[in-house]
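From a predicted model like this one, the values you see are computed outputs, not experimental measurements. Below, read A as the first sequence line, B as the second, and so on, with proteins coming before strands; counting in each chain starts at 1.
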Amino acid sequence: MANKFYITTPIYYVNDIPHIGHSYTTIAADALARFNRRLLGENQVWFLTGTDEHGQKIQRASDEAKLTPQEFVDKVMVKFKELWVKLDISYNDFIRTTEERHIKVVQKALEILYKSGDIYEDTYEGWYCTPCETFWPETQLVDHFCPDCHRPVERISEKNFFLKLGKYQQDLIKYIEEHKNFIRPDFRRNEVLSFLRLNKLEDLCISRPKERLSWGIPLTFSPGHVTYVWFDALINYMSAVGSFDEKNNYISKWWDNETEVVHLIGKDILRHHAVYWPIMLMALQQAGVKGVKLPDTIFAHGWWLNKDEKMSKSRGNVISPLFMADKFGVETYRYFLLRDLPFGLDGNFSEEAFIKRFNSDLANDLGNLVYRTLTMVEKYFQGVVPEFSSSGERVKEIAAKLAALPKEVENSLKAESDFNFVRALENIWEKINLANKYVEETKPWNLAKENKTEELKNFIRLLVEAIRKTGAEIAPFMPRTAGTINEELGSGTIKKGKPLFPRIEDQKPKK
RNA sequence: CGCGGGGUGGAGCAGUCCGGUAGCUCGUCAGGCUCAUAACCUGAAGGUCAUGCGUUCAAAUCGCAUCCCCGCAACCA
């Protein structure tokens, strides 16, 4: 089985600053990367993110900013990197599609497919909106006007290069049918399957003439063309972790059969990842390239909505990850995104829900448990965690439940469980609640009064153990909190600090 | 008749495959406790399980029909 884990986010398109959706995918990927590092070993995991820096939109945005495209992407790319530092994203590599290592792999892949015949030259015809610089499919046109700017479109045709999709359609259907984890969640898998079964795939135009789009990777076999942005972008998953050798075989430590390859994406780009990308890989295999496999799992998650509406710049309802992290803390932000919304579904984002989650889960359950425990160790044992002296039935029972936790979390975070963060966190919080109940049923304040020192020792010892165990499990989701808990309670002598999560009181004026 | 998912106490969800006490979290109310961040623990109230018909001793769960909501329907990150 796989003993390595390679996880990716999409490379983000840098025509604008990062929003909540970018941070959602990246935080989820980070939690999985951190979790698997602990499970498989620090060096057995590779976590890739990056930026997609070519294409018309960027060309246009840079014109507006009166910068060259390169200057423009250099500037915007930094915003992403800064945000990932802020959010404690532990990526191993950050790829940019303007980097030499990427360009080389893209060009080589195109060459191979051109030689094998799966990429061929033909005429592309379509309805084109010149001001928007966009081709529109017939079905989206409003009469004969651009659906975006409502100006008339014109029929143009030009020489371009195409990838044979139809050739691999049946193979892809078969592959998806045989690999339950290839597309997750299930309903997305069904969507892709029914799309593939009911439509005949037309070949994909993968180039643009240079005069229409100069900001892209030139085709080596046709200098007048650059690659279309998707062909360019998808290959990042390979170009970042490997390269072609002189025999045109792909060499990579992270794209072999010992590695579980996982692409985390938003539902909006499922088609590209679940259809175009696997077919590109199949075409490379067909061309005789060794070392190429299909990814193990493509997981499409849902969207965060604002009052049931999609967040968008034009609606002006976008929530900024920087703002939320500054206002409520990075840890809370990470926790909320992973806990409040089942991974895969859409859900609403609101500050009310955020504060509720914070107060009940973090302040009341976790923070308070840690704090009350610290106080008791201080008060009853002068800050030194006592040793076990004996253990009763209840102690064994609780210890057994704690021992089961790592496996529960592991099962919840598997691909076949849809990387169920909500369940994993519920697994952990079950133990936190158990610890809180344990305090109530033991009533240590009575034990102290009655001088039942042995019982008190065992109680405190187990309580501390419970917090250490749950604290360790929290680490992938809230690394800093786990670190603080470890500092305060990890050794024999405690270090009591401020409460981890001070409650947020509502600002209703008091009468 | 394009394909698919869904409508469960105030809110968000589980349960539906394999019919048989409708469960969880939050909220509300009451009580307990004092180690703790007005926190923690216990208990209670609150649901014709979208609607109608049917199968069955028995249906949230199976069948048919109707209403409503959402996703996908290709080259647009």
Counting the atoms with a prime plus P, OP1 and OP2 as sugar-phosphate, which does A/Lys200 contact under 4.0 Å by heavy atoms, base, sugar-phosphate, or nothing? base

Using a heavy-atom cut-off of under 4.0 Å over every strand shown, decide if A/Asp203 touches base, sugar-phosphate, or nothing. base

Any base atoms under 4.0 Å from A/Arg339, or only sugar-phosphate, or nothing? Heavy atoms, all strands. nothing

Quick check for you: among B/A77, B/C41, B/C35, whose closest atom lies nearest to any side-chain atom of A/Tyr228? B/A77

Under 3.5 Å, is there a donor on one side chain and an acceptor on the other for A/Ser222 and A/Tyr114? no

I want to verify a distance call: between B/U34, B/C35, B/C26, whose nearest atom is closest to the A/Ser360 side chain? B/C26

Side-chain N or O of A/Asn368 versus OP1/OP2 of B/C40: is the shortest distance under 4.0 Å? no

Look at the side-chain N and O atoms of A/Tyr276 and state whether any lies under 4.0 Å from the OP1 or OP2 oxygen of B/A77. no

How many whole angstroms separate atom NZ of A/Lys356 from atom P of B/U37? 24 Å

To the nearest angstrom, the CZ-C1' distance between A/Phe354 and B/U25 comes to 18 Å

Base-paired stretches in RNA chain B with three or more consecutive Watson-Crick or G-U pairs, both distances under 3.5 Å, amount to B:2-7 with B:67-72, B:10-13 with B:23-26, B:28-32 with B:40-44, B:50-54 with B:62-66

Should the pair A/Glu465-A/Arg461 be classified as a salt bridge under the 4.0 Å nitrogen-to-oxygen rule? yes

With heavy atoms under 4.0 Å as the rule, sort A/Arg188 into base, sugar-phosphate or nothing. sugar-phosphate

Does a nitrogen or oxygen in the side chain of A/Arg271 sit under 4.0 Å from OP1 or OP2 of B/A73? yes

C1' atoms of B/C67 and B/U51, separation to the nearest Å: 7 Å

Considering only atom P, compute the distance from B/C24 to B/U66 and round it to an integer number of Å. 37 Å

From the candidates B/A74, B/U34, B/U37, the one with an atom nearest any side-chain atom of A/Tyr371 is B/U37

Mind checking the C1' distance from B/U16 to B/G6? Whole angstroms is fine. 12 Å

Taking the side chain of A/Asn436 as its heavy atoms from C-beta onward, which of B/U37, B/C35, B/C41 lies nearest to it? B/C41

Heavy atoms under 4.0 Å, any strand shown: does A/Asn348 hit a base, just sugar-phosphate, or nothing? nothing

Donor on one side chain, acceptor on other, A/Asp118 and A/Tyr168, under 3.5 Å: yes

RNA chain B: 5'-proximal contact among A/Trp230 and A/Lys443 (nearest heavy atom): A/Lys443

Atom of A/Asp93, atom of A/Ala240 and distance for their closest heavy-atom approach: OD2-O, 3.6 Å

When you measure from the side chain of A/His19, which nucleotide among B/U25, B/C40, B/A77 comes out closest? B/A77

Remember a base hit wins even if backbone is also touched, and classify A/Leu165 as base, sugar-phosphate or nothing at under 4.0 Å, heavy atoms. nothing

Over how many whole Å does the gap from A/Lys164 atom NZ to B/C75 atom P extend? 22 Å

Say we look at B/U8 and B/A50: how far apart would their C1' atoms be, to the nearest angstrom? 10 Å

Quick one: A/Asn190 CG to B/G6 P, roughly how many Å, whole number? 11 Å

Rounded to whole Å, CG of A/Asp418 lies from P of B/A14 at a distance of 13 Å

Candidates B/U25, B/A74, B/C41 - which lies nearest the side chain of A/Glu202: B/A74

Considering only NZ, NE, NH1 and NH2 on the basic side and carboxylate oxygens on the acidic side, decide whether A/Glu440 and A/Arg372 come within less than 4.0 Å. yes

Which part of the nucleic acid does A/Ile206 contact within heavy-atom distance under 4.0 Å: base, sugar-phosphate only, or nothing? nothing

Looking only at atom C1', what distance separates B/A30 and B/C18, rounded to whole Å? 41 Å

To the nearest angstrom, how far is A/Ile355 atom CD1 from B/C26 atom C1'? 14 Å

In terms of the angle between their ring planes, are A/Phe336 and A/Phe349 parallel, tilted or perpendicular, with boundaries placed at 30° and 60°? perpendicular

Looking only at heavy atoms, which two atoms of A/Ser412 and A/Asn427 are closest? And how far apart? OG-OD1, 2.8 Å

Give A/Tyr12 one of three labels, base, sugar-phosphate or nothing, depending on what nucleic acid heavy atoms sit under 4.0 Å from its own. nothing

What's the gap between B/G63 and B/G20 when it is taken at their P atoms, as a whole Å value? 15 Å

Any salt bridge linking A/Lys327 with A/Glu351? Criterion: basic side-chain nitrogen under 4.0 Å from a carboxylate oxygen. yes

Integer-rounded Å distance: B/C3 P and A/Ile176 CD1: 20 Å

Hey, is the side chain of A/Trp445 poking within less than 4.0 Å of OP1 or OP2 on B/U34, counting only N and O atoms? yes

Check every atom of B/A77, B/C76, B/U37 against the side chain of A/Arg503 and return the nucleotide holding the closest atom. B/U37

Comparing A/Cys205 and A/Pro502 on RNA chain B - which has the more 5′ nearest nucleotide: A/Pro502

With a cut-off of less than 4.0 Å, is there a side-chain N or O of A/Lys267 near OP1 or OP2 of B/G71? no

Passing candidate, side-chain contact (heavy atoms from CB on, under 4.5 Å) with A/Tyr13, options A/Thr51, A/Thr97, A/Ile58, A/Val76: A/Ile58

Return yes if a side-chain donor-acceptor contact under 3.5 Å exists between A/Tyr12 and A/Thr26, otherwise no. yes

Measure the distance from CG on A/Asp268 to C1' on B/A74 and round it to the nearest whole Å. 14 Å

Taking the minimum atom-to-atom distance to the side chain of A/Tyr380, which one of B/C72, B/U34, B/C35 wins? B/C35

